Trainee: 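What follows is a single structure, and I will ask about it in a moment.
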Amino acid sequence: MQIGSKAAVKEVINPSVSISTKTKKSFFQRMMSQKALLAMSLPFLVWLVIFKYIPLWGWSIAFQDFKPARSLLDQEWIGLEHFKFLFTDDNFWRVLRNTIGMSTINLVLGFVTAIGLALLINEIRHIRFKKSVQTISYLPHFISWVVAASIVSYSLSLENGIVNIVLVNLGIIDEPILWLGKEKWFWVINGLTEVWKNVGWNTIIYLAAITMIDPEQYEAADIDGASRFQRIKHITLPSLQPTIIILLIMNLGYILESGFEAQYLLGNPMNLAYSENLDIYVLKYGMSMGNFSLATAAGIFKTVVSFIFLFTANHIAKRFGQPRLF
Amino acid sequence: MAQRRFFKATRHHSGVGDYLFDIFNYTFLVLLCVVMLYPFLNQLAVSFNEASDSLRGGIYLWPREFTWANYKHVFGEASIVNSFFISVLRTIIGTLTSVLGTAMVAYTISRKDFVLKKFVTIAFVLTMYFNGGLIPNYLLVKELNLLDSFWVYIVPGIIGVFNLIVIRSFIEGIPESLFESAKIDGAGDFTIFIKIVLPLSLPVLATVSLFVAVYQWNSWFDVFLYNSSSANLSTLQYELMKILQNSNASMSGKTAADAFSNANASANMVSPTSIRATMTIVASLPIIMVYPFLQKYFVKGLTLGGVKG
């Protein structure tokens with residue numbers, strides 16, 4: 001308040017200040033008066049062009065027979081050859097199946113568990129306990145995938161793995177199983193690992209949305225004698241709907257992003273057929289075999305399909321009058 | 001307070017169903033916490049247990065034969081000590097430069113009268129929806145002579161668009177009158193940034209610092225991709241990743257001795273399992289000790305970015 005009035009007094013004393021800000025200046029004049037702002041943003045704009053926009057030009061190598069030894073401008077153009085190879089390569093369809101399979105499992109599991117956990121945490125009235133559960137559930141999100149994968153593979157190991165110990169003692173399995181050697185189980189293991197790592201973190205956004213709900217709704221429900229399940233079903237879940245939809249849209253755009261680190265770090269020759277995804281395919285063809293063009297073609301395929309998914313989901317949300325991303 | 005008591009009291013009227021719900025809920029959440037915590041406590045116990053004894057199994061939450069040998073071994077290995085320093089260095093330099101740079105750009109695009117406000121904002125936000133991909137990025141880094149250099153950890157990721165939006169949203173919440181009066185007092189945009197924006201944005205800067213520091217500390221893929229032939233630029237996570245890859249490979253038929261010959265099993269005091277557990281603790285302890293204290297901030301920062309982004 002004091003600051004505002006001080007400014008007002010100054011304007012009265014020195015009217016030129018307020019006049020100069022109100023008269024319309026030319027673009028160039030305004031630019032000259034904002035040298036500091038320009039100096040603070042232009043270097044990063046240059047950085048942005050170099051590191052984010054110039055690599056887009058690198059997409060051209062998907063249409064070339066790229067030879068790293070030759071200069072970037074001196075490459076042979078071969079059209080859609082690499083895309084043709086891609087779509088006839090059995091490995092490509094296998095990694096595509098794995099990618100979509102794993103990201104669908106991750107999407108469904110991720111949503112259901114995060115919403116469920118947020119609802120359960122929200123029902124705790126003991127504040128200390130609530131805070132502790134939240135802090136502990138965030139923990140796996142902060143550790144690296146290397147540490148997570150190391151922990152998971154240790155927990156799943158044949159001799160000392162806690163998973164086998166618990167399952168054998170509960171009588172669910174007769175003898176320890178080498179889980180990471182069972183290729184058909186990989187999608188499930190990957191999905192559960194993802195849930196373990198991120199479920200706590202993913203509740204944050206839902207819990208924040210729940211705090212926006214008008215408490216009077218709950219009070220009215222209490223007076224009407226609603227049970228906990230009824231309150232969750234008729235107040236909390238409907239209030240979360242817009243948040244759920246916008247997060248769903250965002251995640252549909254990433255349907256080909258099944259993650260890379262988990263699959264790469266938990267993958268081994270025994271589960272390869274089900275653990276390799278598009279990103280690993282790109283890495284394998286590109287970096288290990290040096291076929292930069294084919295790897296880039298696969299990368300382009302991924303980006304373009306993601307874009308189509310994102311726009312479609314966004315369009316559908318618009319049709320149904322739901323909140324949307326852009 | 002009295003009112004809250006009243007509603008609590010009415011809730012208890014709703015009967016046995018609610019009571020059972022509470023029992024189930026608390027039991028389930030305690031179990032969940034066990035699942036989240038146990039693997040870390042178990043690794044901690046193994047890391048303090050004598051290596052040959054660990055192989056017999058049965059170590060759960062407490063070491064059976066306590067020893068410092070695993071830690072002594074890990075910190076006696078020159079390559080691991082070096083990778084630890086590189087990890088610390090990239091975390092400190094990476095966080096400082098990224099937070100300062102991102103805050104600067106965020107400030108400029110929060111100024112309503114800035115001529116390039118729209119242009120800069122759109123240029124940054126667009127990059128959230130596409131990227132060149134692995135190979136073009138690799139070729140760029142190679143062309144820029146950033147291969148086998150420390151700066152490849154810092155420069156390519158200096159600004160994160162999500163962080164940019166979070167900080168911008170926060171700065172936009174600072175009362176406009178503060179900027180106006182500072183301007184009238186003759187302060188330039190840069191002075192305003194240093195003297196007003198930075199101090200007032202400390203909560204959001206703390207959040208973003210945590211995000212960036214965690215990202216830097218946890219990175220291993222850029223080491224693998226760009227610097228795998230420079231042993232002196234390796235990081236802790238990458239060293240752990242190599243040990244993990246060795247034991248993954250050993251599962252597929254190679255004998256254990258084969259796979260671990262290069263995993264520093266030279267002294268018979270240690271085993272790969274113990275080394276892995278010890279490295280796991282060393283690689284995650286710094287983060288585990290910091291993040292609970294910033295919880296209040298990152299929860300706010302995340303929702304701020306989520307709503308306005």
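Naming: A, B, ... by sequence-line order, numbering from 1 per chain. Nothing here was measured: the structure is a model prediction, and the numbers come from that model.
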Trainee: Show the nearest heavy-atom pair for residues I61(A) and L139(B), with the distance to one decimal.
Mentor: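 Taking I61(A) first and L139(B) second, the nearest heavy atoms are CD1-CD1, 3.6 Å.
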Trainee: To the nearest 0.5 Å, tell me how far D113(B) CG sits from L37(A) CG.
Mentor: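 Going from the CG atom of D113(B) to the CG atom of L37(A) covers 7.0 Å.
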Trainee: Atom OG of S137(A) and atom CG of L29(B): how far apart are they, to the nearest 0.5 Å?
Mentor: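 The OG atom of S137(A) sits 9.0 Å away from the CG atom of L29(B).
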Trainee: I'd like to check P55(A) versus N131(B) (side-chain heavy atoms, cut-off strictly below 4.5 Å). Are they in contact?
Mentor: no
Trainee: For L294(A), is it the side chain, the backbone, both, or neither that has a heavy atom closer than 4.5 Å to a heavy atom of chain B?
Mentor: neither
Trainee: So what's closer than 4.5 Å to chain B heavy atoms on Y138(A): side chain, backbone, both or neither?
Mentor: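 For Y138(A), heavy atoms of backbone and side chain both lie under 4.5 Å from chain B.
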Trainee: Which bit of V46(B) comes within less than 4.5 Å of chain A, counting heavy atoms only: side chain, backbone, both or neither?
Mentor: side chain
Trainee: Do the ring planes of Y26(B) and F129(A) sit parallel (below 30°), tilted (30 to 60°) or perpendicular (above 60°)?
Mentor: parallel
Trainee: Using non-hydrogen atoms only, which part of L100(B) is less than 4.5 Å away from chain A: side chain, backbone, both, or neither?
Mentor: neither
Trainee: Can you say whether L240(B) sits under 4.5 Å from chain A via the side chain, the backbone, both, or neither, judging by heavy atoms?
Mentor: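 It is both, since atoms from each part get that close.
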Trainee: If you define the side chain from C-beta out and look only at heavy atoms, does anything of F224(B) sit under 4.5 Å from L283(A)?
Mentor: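 When only atoms from C-beta onward are counted, L283(A) and F224(B) do touch, with a gap below 4.5 Å.
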Trainee: Under the side-chain contact (heavy atoms from CB on, under 4.5 Å) criterion, do V146(A) and Y238(B) qualify, and how do the steps go?
Mentor: CA-CA 8 Å; V146(A) 178; Y238(B) 186 56; over 6 Å; no
Trainee: At a heavy-atom distance under 4.5 Å, which candidate from Y154(A), F66(A), F27(A), W145(A) has the highest pair count against chain B?
Mentor: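 Highest number of pairs under 4.5 Å: Y154(A).
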Trainee: Heavy-atom cut-off 4.5 Å, strictly under: side chain, backbone, both or neither for F260(A) against chain B?
Mentor: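 Side chain only.
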Trainee: One pair to check against side-chain contact (heavy atoms from CB on, under 4.5 Å): M36(B) and V199(A). What are the steps and the verdict?
Mentor: CA-CA 10 Å; M36(B) 297 286 173; V199(A) 66; 3.6 Å; yes
Trainee: Which bit of I143(A) comes within less than 4.5 Å of chain B, counting heavy atoms only: side chain, backbone, both or neither?
Mentor: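 For I143(A), the contact with chain B is made by backbone and side chain together.
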Trainee: Non-hydrogen atoms of chain B under 4.5 Å away: do they reach the side chain of L120(A), the backbone, both or neither?
Mentor: both
Trainee: May I ask you to name which of E159(A), M287(A), K52(A) has the most heavy-atom pairs under 4.5 Å with chain B?
Mentor: M287(A)
Trainee: With a 4.5 angstrom heavy-atom cut-off, which part of Q43(B) approaches chain A: side chain, backbone, both or neither?
Mentor: side chain
Trainee: Considering only heavy atoms, which portion of E143(B) lies under 4.5 Å from any heavy atom of chain A: side chain, backbone, both, or neither?
Mentor: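 The answer is the side chain of E143(B).
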Trainee: I'd like to verify something: which residue of P68(A), S41(A), A149(A) has the highest number of heavy-atom pairs under 4.5 Å with chain B?
Mentor: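 Among the listed options, the one with the most contacts to chain B is S41(A).
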Trainee: Could you tell me which portion of I54(A) (side chain, backbone, both or neither) has an atom closer than 4.5 angstrom to a non-hydrogen atom of chain B?
Mentor: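 It is the side chain, since no backbone atom gets that close.
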Trainee: Anything under 30° is parallel, anything over 60° is perpendicular, the rest tilted; go ahead and classify W196(A) against F40(B).
Mentor: parallel
Trainee: Is V214(B) close to chain A through its backbone or its side chain, or both, or neither, when contacts mean heavy atoms under 4.5 Å?
Mentor: side chain
Trainee: Applying side-chain contact (heavy atoms from CB on, under 4.5 Å) to I50(A) and L144(B), what does each step give before you reach the verdict?
Mentor: CA-CA 10 Å; I50(A) 295 175; L144(B) 293 171; 4.1 Å; yes
Trainee: I want to check something: taking the side chain as every heavy atom from C-beta on, are Y291(B) and H141(A) in contact at a cut-off of under 4.5 Å?
Mentor: no
Trainee: Please check if the distance between the ring centroids of F142(A) and W217(B) is under 6.0 Å.
Mentor: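 Aromatic pair excluded; centres sit 6.0 Å or further apart.
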Trainee: Could you tell me which of V147(A), L48(A), I151(A) has the largest number of non-hydrogen atom pairs under 4.5 Å with chain B?
Mentor: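 Highest number of pairs under 4.5 Å: L48(A).
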Trainee: Where does I158(B) contact chain A at under 4.5 Å (heavy atoms): side chain, backbone, both or neither?
Mentor: both
Trainee: A quick test of your reading: do over 12 heavy atoms of other residues, nucleotides or ligands sit less than 6.0 Å from OH of Y53(A)?
Mentor: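 Atom OH in Y53(A) is crowded, with more than 12 foreign heavy atoms closer than 6.0 Å.
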Trainee: Kindly check if the number of other-residue, nucleotide or ligand heavy atoms within 6.0 Å of CZ (F130(B)) is above 12?
Mentor: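 For F130(B), atom CZ is crowded (more than 12 foreign heavy atoms under 6.0 Å).
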Trainee: Please look at T273(B) and chain A and tell me whether the side chain, the backbone, both or neither of the residue comes under 4.5 angstrom of a heavy atom of that chain.
Mentor: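 Only the side chain of T273(B) comes within 4.5 Å of chain A.
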Trainee: Measure L117(A) against the heavy atoms of chain B and call it side chain, backbone, both or neither at under 4.5 Å.
Mentor: side chain
Trainee: Could you give the distance from CZ (F114(B)) to CE (M40(A)), rounded to the nearest 0.5 Å?
Mentor: 9.5 Å
Trainee: To the nearest 0.5 Å, tell me how far R125(A) CZ sits from N25(B) CG.
Mentor: 10.0 Å
Trainee: Report the distance from atom CZ of F44(A) to atom CD1 of I159(B), rounding to the nearest 0.5 Å.
Mentor: 5.0 Å
Trainee: Between F307(A), W57(A), Y264(A), which has the largest tally of heavy atom pairs under 4.5 Å with chain B?
Mentor: Y264(A)
Trainee: Just wondering, more than 12 heavy atoms not from M212(A) lying within 6.0 Å of its CE?
Mentor: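 12 or below, so no.
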Trainee: Is a donor from one side chain sitting under 3.5 angstrom from an acceptor on the other, for S153(A) and R276(B)?
Mentor: yes
Trainee: Which one wins on heavy-atom pair count under 4.5 Å against chain B: L56(A), T135(A), L42(A)?
Mentor: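 Counting heavy-atom pairs under 4.5 Å, the top option is T135(A).
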Trainee: Treating Q34(A) as the side-chain partner and V115(B) as the backbone partner, does any N or O pair qualify as donor plus acceptor under 3.5 Å?
Mentor: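 At least one qualifying donor-acceptor pair exists.
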Trainee: How long is the straight-line distance from OG of S150(A) back to CD1 of I243(B), given to the nearest 0.5 Å?
Mentor: 8.5 Å
Trainee: Specify the closest pair of heavy atoms between Q295(B) and K131(A), including all atoms of both residues, with the distance to one decimal.
Mentor: NE2-O, 4.1 Å
Trainee: On a heavy-atom basis, which atom in N160(A) and which in G58(B) lie closest, and how many Å separate them?
Mentor: OD1-N, 4.4 Å
Trainee: Of the backbone (N, CA, C, O) and the side chain (C-beta and beyond), which part of F124(B) lies under 4.5 Å from a heavy atom of chain A, both, or neither?
Mentor: both
Trainee: Step by step, work out the side-chain contact (heavy atoms from CB on, under 4.5 Å) result for E261(A) and F221(B).
Mentor: CA-CA 8 Å; E261(A) 293 178 80; F221(B) 188 64; 5.6 Å; no
Trainee: With a 4.5 Å heavy-atom cut-off, do F51(A) and T127(B) have their side chains touching?
Mentor: no
